[in-house]
Amino acid sequence: MNKGNDGKGVLRLAFFISVLAVFFPLYLVRENRVAEGVLYGLTGLPEKGCILFVLLPIFLHGIALFCPSCEARKKISIAFSFLGAISLILFLSGLSSYYGANGPESVRIAPGPGFLLMAFSLLVPVLGFEIPPGIASLGIGILVLVSWFLIATGRLDALGVLKEALNRQDRLVAEIVNHVRISSSAVLIASFLGIPAAFLISRARKAREAFLALMNVLQTIPSIALFGLLIAPLAALSRSFPLLREMGIRGIGDAPAIIALSIYALYPILRNTLAGIEGVSPSVLDSGEAMGMSRREMLRIIIIPLTLPFIVHGVRLAMIQSIANATLGKLIGAGGLGVFVFEGLGQYSVDMVVLGIIFLALLTIGADALFRIVGYAVVPKALRKQYYSEDRSS
């Protein structure tokens, strides 16, 4: 996302999206899981007090936008984003309590397009500005505590997503584990192949250009098409070699999904590792050579430590990409959260689709935060200011 120097561009966008949200339906009500839902907008709220919760993000964006100090504006907007998120959770709590008390036991409510737009407006400052780790941890912790309290006290019982999660909690946990296993396996394979390959081709210009060209071509193949292309050869291999079949390598299932995701994950890892190697200053290498270091010593003492932040950044991008693409693994018989997304679409269950999307987002955010922490840890202390004082957007 483009980050303006004073942050006003980001906040104008957030304010515009939040205002636009009120012109769309805010929530949907269904009498049961399969019943057709009815959408309600701002004028259809059952309790007028709910209006304050859903409109609060607009006022918060406006206050942050007119803050005179640039740095204060950014900090306030991030704090307001978390406050606005709490307000939207309380809005859902109010709706759930009302319909739970005045509707049938099977009633379900779900966020509408207006609600989702309002939530996205709160995400804009979080994506647009650099968030200090302490503030991010505090904000997420407060959101988790508020949500947990409302769930524990039954004030979100009518929320359709929560009902789906409780009804399928065992399968949900199993598919989350499957999703993480498939994604991390693909990134691990790509790392073992991509990182050494980057070091091998870094000094050979023609080999580097040919390899990157091949990776660029592979990136253009749609993931669904690549999954399908792998079915026939893997099925043939499993028939010819029973050992491979016993190891789980078949035409459908996790194997083609992991292989395809590994191919996609290879490019960001390879490209960022090459960028790190090429970014090592020649004067630093000359100094090491003048000190009598061998090529192996310079690799171990100079090149690898300076390249590590780039490697971690590449692995982070590959992991985020793999988590997203692994959703399509359901189409070829693999597990993961795509099970909820595609089964929900097949059953016309919006709640199941949203449930899968929510945990996909949580996995992505968690992976991003984890690799950012690892990236910070592997940067030499003397270079941390250089790496983190400026914006290093992905």
Side-chain angles (χ1 to χ4, degrees), residues 1-29 39-99 109-132 134-151 155-156 159 161 354 358 361 365:
M1 176 166 299
N2 185 27
K3 302 179 184 182
N5 292 330
D6 59 0
K8 283 191 174 182
V10 172
L11 290 174
R12 287 193 188 103
L13 176 61
F15 182 78
F16 172 77
I17 294 173
S18 64
V19 172
L20 184 65
V22 300
F23 295 98
F24 288 85
L26 292 170
Y27 68 100
L28 178 143
V29 180
L39 288 165
Y40 293 94
L42 196 63
T43 57
L45 294 177
E47 293 184 345
K48 299 307 177 184
C50 292
I51 295 178
L52 298 177
F53 289 115
V54 79
L55 293 183
L56 182 62
I58 299 177
F59 295 105
L60 295 178
H61 290 318
I63 293 171
L65 184 60
F66 290 101
C67 183
S69 170
C70 174
E71 287 304 314
R73 184 183 305 122
K74 294 179 180 180
K75 293 178 181 178
I76 287 173
S77 66
I78 292 170
F80 279 178
S81 290
F82 287 111
L83 181 59
I86 293 173
S87 178
L88 291 185
I89 293 172
L90 293 175
F91 170 72
L92 289 178
S93 172
L95 292 177
S96 177
S97 299
Y98 175 84
Y99 285 102
I109 63 168
F115 181 94
L116 297 178
L117 276 175
M118 191 69 76
F120 181 70
S121 77
L122 297 171
L123 194 60
V124 169
V126 175
L127 296 175
F129 302 133
E130 196 72 24
I131 306 180
I135 294 179
S137 300
L138 178 62
I140 293 172
I142 292 174
L143 283 176
V144 170
L145 285 175
V146 171
S147 301
W148 183 259
F149 172 77
L150 294 175
I151 292 172
R155 299 184 184 183
L156 289 173
L159 194 61
V161 175
V354 173
I358 287 174
I365 293 169

Please lay out, stage by stage, how Leu45 and Phe91 fare under the test side-chain contact (heavy atoms from CB on, under 4.5 Å). CA-CA 10 Å; Leu45 294 177; Phe91 170 72; 3.7 Å; yes
Val22/Val54 under side-chain contact (heavy atoms from CB on, under 4.5 Å): CA gap, chis, key distance, verdict: CA-CA 9 Å; Val22 300; Val54 79; 5.9 Å; no
Donor-acceptor contact present, side-chain [X] to main-chain [Y], <3.5 Å:
X: Ser87; Y: Phe53; result: yes
X: Ser93; Y: Ile89; result: no
X: Ser96; Y: Leu92; result: no

Does the side-chain contact (heavy atoms from CB on, under 4.5 Å) test come out yes or no for Phe16 and His61, once each step is laid out? CA-CA 9 Å; Phe16 172 77; His61 290 318; over 6 Å; no
Quick one: pull up [atom1] in [X] and [atom2] in [Y] and give me the separation to the nearest 0.5 Å.
X: Phe149; Y: Leu156; atom1: CZ; atom2: CG; answer: 10.5 Å
X: Leu56; Y: Leu90; atom1: CG; atom2: CG; answer: 10.0 Å
X: Ile76; Y: Ser81; atom1: CD1; atom2: OG; answer: 12.0 Å
X: Leu88; Y: Leu83; atom1: CG; atom2: CG; answer: 10.0 Å

With Ser77 via side chain to side chain contact (heavy atoms under 4.5 Å, CB included) - residues at least two apart: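 Testing Ser77 for side chain to side chain contact (heavy atoms under 4.5 Å, CB included), a comparison that skips the adjacent residues, returns Leu11, Ala64, Pro125, Phe129.
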Shortest non-hydrogen contact from [X] to [Y]?
X: Leu117; Y: Ala21; value: CB-CB, 3.7 Å
X: Tyr40; Y: Gly44; value: CD2-O, 4.0 Å
X: Ala85; Y: Leu122; value: N-CD1, 3.4 Å
X: Phe115; Y: Leu26; value: CB-O, 3.2 Å

Is there a side-chain contact (heavy atoms from CB on, under 4.5 Å) between Phe82 and Ile142 once you walk through the steps? CA-CA 8 Å; Phe82 287 111; Ile142 292 174; over 6 Å; no
Side chains of Leu159 and Ile109 in contact at under 4.5 Å (non-hydrogen atoms):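 Yes - at least one pair of side-chain heavy atoms lies under 4.5 Å apart.
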Candidates Leu60, Ile58, Ile17 - the one meeting side chain to side chain contact (heavy atoms under 4.5 Å, CB included) with Ser121: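 Single side chain to side chain contact (heavy atoms under 4.5 Å, CB included) partner of Ser121 among Leu60, Ile58, Ile17: Ile17.
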Set of residues satisfying ring pair (Phe, Tyr, Trp, His ring centres under 6.0 Å) with respect to Phe15, sequence neighbours excluded: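 For Phe15 there are no ring pair (Phe, Tyr, Trp, His ring centres under 6.0 Å) partners, ignoring immediate neighbours.
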